[in-house]
J.: 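Just passing along the structure, written as structure tokens.
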Amino acid sequence: MSEYNHKKIEKKWQKKWLDSNIYAAKDFDKKEKFYCLIEFPYPSGERLHVGHGRSYSALDALSRLKRMQGYNVLFPIGWDAFGLPAENYAIKTGIHPSITIKNNIENSKKQLISWGCSFDWDREINTTDPQYYKWTQWIFLKLYEMGLAYKQKMPINWCPSCKTGLANEEVIDGKCERCGAQSERKELSQWMLKITKYADRLIEDLKNVDYLSKISTQQINWIGRSEGAEVLFKAVDTEGKENDMWVFTTRPDTLFGATFMVIAPEHPLVQKLTTKEQEKNVLKYVKDTKFKSDLERQELEKDKTGVFTGSFAINPINNEKIPIWISDYVLMNYGHGAIMAVPAHDERDWDFAKKYDLPIIQVISPIFVDPINPPKKDAENTIRNGVIVIVKHWKEEKYLLDYSPKFNWKCLFTGGIEEGEDPLEAAKREIREETGYQNIKEARYVKLSHIDQFHAPHKGVNRHAYQKNIFIQLADGELKEREEEEKDLHHISWKTKDEMLNEISLINHKYIFETDLMDGQPWTDEGVLMNSEEYNDLKPEEAKEKIITELSKKKLAKKAINYKLRDWIFSRQHYWGEPIPIIHCEKCGEVPVPVKDLPVELPMVEKYEPTGTGESPLAAVESWVNVKCPKCGGSAKRETDTMPNWAGSSWYYIRYVDAKNDKELAARDKMEYWLPVDLYNGGMEHTTLHLLYSRFWYKALFDAGVVPTEEPYKRRHSHGMILGKDNQKMSKSRGNVVNPDEIIENFGGDTFRTYEMFIGPFEDVAAWNEKGVEGVHKFLKRTWNLFELPTEEGEPKIEHEKIINRTIKKVEEDILNFRFNTAVSTLMILLNTLTKEKKQNKIILSKFAIILAPFAPHLAEELWMKLGNTKSVHLEPWPKFDPKMIEDDIVTIVVQINGKVRANIMMNKNSTQKNVEEKALVEENVKKYIGTEKPKKIIYIPNKILNIVI
RNA sequence: GGGCCGGUGGCGGAACUGGUAUACGCGCUGGACUUAAAAUCCAGUGACUUCGGUCUUGAGGGUUCGAGUCCCUCCCGGCCCACCA
């Protein structure tokens, strides 16, 4: 007996596999291709962590399975090495990033090899290699040529600590994603990429790919497409001149409810619109906003603030004069930086109107359909005007609850309005009749009216009731005897407001009561129009169409679509990135670097620190900056901005296809063979940035005729994060970081991989557990010991045949469905079963070794060789399971009585119900429970369950 | 506030289209081997129990012969987004 020695066997096989290059993908192979992509790592000083281990192990297992299933698998790897961590390290140590990166790559590569990853190392890439970024620059020039790259002066997010511009996506909670410093606004001329031009296609084409639904949803939300209209408001400025103010709205149907306008403090018309009297306030507000950090400005549940400009605009739908206010809740970078405020139907506008006492006009009427007596299809529809009344006690904080025994509901008081009657008077009249209370101190409207729809059974008609909701406070307790009929209909009692909220059983009444308690609230749901002249009673969808059509005749509105997605700020004022290949010539302006001059290599510098002036350190390298204009030969300067970290990773998977090509980014025929990627796995955190950016680049390259398909990734999957054993994110400060190298040293790569797959469902977060690692190690050790047992030749036992076939099927299915955890447990069950035998069968062991290979490739290889094989187990075909072997001839049928398990009986497969019943009824326990009773009903699910109901 | 996903033993987690809940691993208990320990192996391990059973998948209802799974109401947790008009 020898012992499992992971160190010896893992080293040995790692070397042999590298030497024989058995995992290389073959271009144009006749076998079906399978391109399996994982996000390439950043080779930082920290090396790779157990989080990398999780997805790399799992996708490696999948790649190995696919290879064994006869696919030509491309499973490549590379290094995403530009960016801040390497640059910051260089600033600290003075060592050139390329040197640091080279060392880190060497170490990280060792790690990947120690994990037994089956990468095709021939295709290894590095985004900082001039031979690679030559093509990143080439793509930039393509985008430039297509008009998708442009320079614009604009306020950007500026990190005062990193001294660089940040993309919106890099600002988290108003702080720099990298260093955590508060970001500021700064106006700089920036290179931008027009990703918004592709917004619709980026949404639309999600239909043609197979992404986890949460990934698609997140991308769609991020792009944030909303359909609506642009509406023109004419604003008269202080000089009496008319100015056009466009607003974007998704609710043109609520135009009649637009009672004021709000514009962003940065809005270009602010100055013109501010009157003398308001000047002081406005100037102060604008100034305050400027100094406010984004964080403060976006603070949640913050009170809305704003100031009146003193000017008015004309609401184009009814020519009403409405005041123009300034507030920072309106964002300059969305829509036109101006809104029409409809306080009755928008939460923010509501808050603002409440705070500054601006008018609120309800223009959408909620419709409540009675759930007990809904309108009937054939019944006549009648219109009625009514009131719903809240009655408050003259002294206490109590309200009158009406209980109707006839309908069995608890509610407020209702009544009809007679022809020509004032609703408030109608309410008073009804209350006197229905409650007996006579003296009313106050009657006022609740800030919401609505429509009730119900069927009135006694009349046989449907009611469409326009309800005015009214609040009444009694003056005193004077009661007049009610008529008998009223007494029967209305059982009244005093309740506190909480009791009211709990007990009112009609949703519309409850809503009215609630609304009044809150002194009104905006109605943001469905309904029909009201207070909107000829558009009254229309549904919002219809009203939108009609209002836009009407206004567009006068050129006062047009249909419009808006996106939350912004264009991509592509400039960075950093050293360690791809130089943007543009030359600025005094005479010719922007001139792209000719393709023959690519790559524009990064010059060697002494200092890596950002200048802080808004220029990158490259600006100081005169010999590099000063060039001849490629067009006119005159003196010119290079662009000194570099590209963001996202650039190199936006197309790296294309390069894998033809990693060493020095003529083009990849040969067309190779792209046609390998692309699109069949499966791309990565973290959820890259869903809105990297994944969207790379889809955008690919689509642009498709339009340029460079790549062969519309979408780069057929399928996208994601993995969950690995937490420390304390269930917290791993971090040095918490001291809960697991170092994979230690795991490899103590337990080996096979244990590491298998544990990472066993840790839990692949998509879920999982906490690291050292004991769990030991458990998996024990499993591998016991597997080793199994293969140490004496073997028998010949046919295996039938039950072993069965279990190996079932295991093959289950493991295969589980890997393909990302259920790596249950795949491992299935192998454990197989081992537990086989271990019960003193002698092992060679056929079974051979299959075991093969199906173990995706999980523990080194151990599987060693065991395979021990069985007398000479060719690698990883070149073996995946065993085919025999469907006959999976099924049992004898099945256990559960006998239930009234749904409770009372016996198990063994039957031949597909026995008739009659046979099963006969067998079941002679079972002692079954007899006991049935006793003398006669079965009422017997349910038989073939080969599974017999349920006797008595 | 919006979107998405969850809630099952002491713990991580299994359970296909509704059909024996708690697979597998960890932990724990007992035993074997050992001078002893570790390692290894074997057995047991949801709770309660008057040992007949009874109860258990966040809480409460419903549908069903049968519900972790489907429907309704509520509670709790996680992740992402968040003043986007």
J.: Produce the list of close N/O pairs, under 3.5 Å, pairing protein atoms with atoms of nucleotides 41-52 of chain B; give distances to one decimal.
T.:
residue, atom, partner, partner atom, Å
C41(B), OP1, R782(A), NE, 3.3

J.: Can you give the donor-acceptor pairs under 3.5 Å from side chains of residues 802-811 of chain A to other protein atoms, not counting sequence neighbours?
T.:
residue, atom, partner, partner atom, Å
K802(A), NZ, D888(A), OD1, 3.1
N805(A), OD1, D882(A), N, 2.7
N805(A), ND2, E801(A), O, 2.7
R806(A), NE, I886(A), O, 3.1
R806(A), NH2, I886(A), O, 3.1
R806(A), NH2, D888(A), OD1, 3.4
R806(A), NH2, D888(A), OD2, 3.0
T807(A), OG1, I803(A), O, 2.6
K809(A), NZ, E813(A), OE2, 3.2
K810(A), NZ, D814(A), OD1, 3.2
K810(A), NZ, D814(A), OD2, 3.0

J.: Report, one line per pair, each donor and acceptor closer than 3.5 Å where one atom sits in a side chain of residues 942-950 of chain A; sequence neighbours left out.
T.:
residue, atom, partner, partner atom, Å
N943(A), OD1, N910(A), N, 2.8
N943(A), ND2, N910(A), OD1, 2.9
N947(A), OD1, G899(A), N, 3.0

J.: With D253(A), which residues qualify under salt bridge (charged side-chain N to carboxylate O under 4.0 Å, His left out), at least two apart?
T.: R251(A)

J.: Not counting sequence neighbours, which residues clear side-chain contact (heavy atoms from CB on, under 4.5 Å) with T259(A)? List them please.
T.: P343(A), P359(A), I361(A)

J.: Which residue pairs pass the salt bridge (Lys or Arg N to Asp or Glu O under 4.0 Å) test with at least one member in residues 756-770 of chain A, sequence neighbours excluded?
T.: K214(A)-E763(A)

J.: Starting at the 5' end of nucleotides 10-22 of chain B, put B wherever the base has a protein heavy atom under 4.0 Å, S where only the sugar-phosphate does, and a dash everywhere else.
T.: --BSS--B-BB--

J.: Return the set of residues passing ring-ring contact (aromatic ring centres under 6.0 Å, His included) with F848(A) (not counting sequence neighbours), or none when no residue passes.
T.: F787(A)

J.: Under the side-chain contact (heavy atoms from CB on, under 4.5 Å) test, which residues partner N832(A), sequence neighbours left out?
T.: R782(A)

J.: Counting a pair only when it is Watson-Crick or G-U and both distances are under 3.5 Å, which runs of at least 3 such pairs involve RNA chain B?
T.: B:1-7 with B:75-81, B:10-12 with B:24-26, B:27-32 with B:40-45, B:46-48 with B:53-55, B:58-62 with B:70-74

J.: For K559(A), check side-chain contact (heavy atoms from CB on, under 4.5 Å) against everything at least two apart and list the hits.
T.: E545(A), I548(A)

J.: How would you list, by chain and number, every residue that makes a side-chain hydrogen bond (donor to acceptor under 3.5 Å, both in side chains) with N736(A), sequence neighbours excluded?
T.: D726(A)

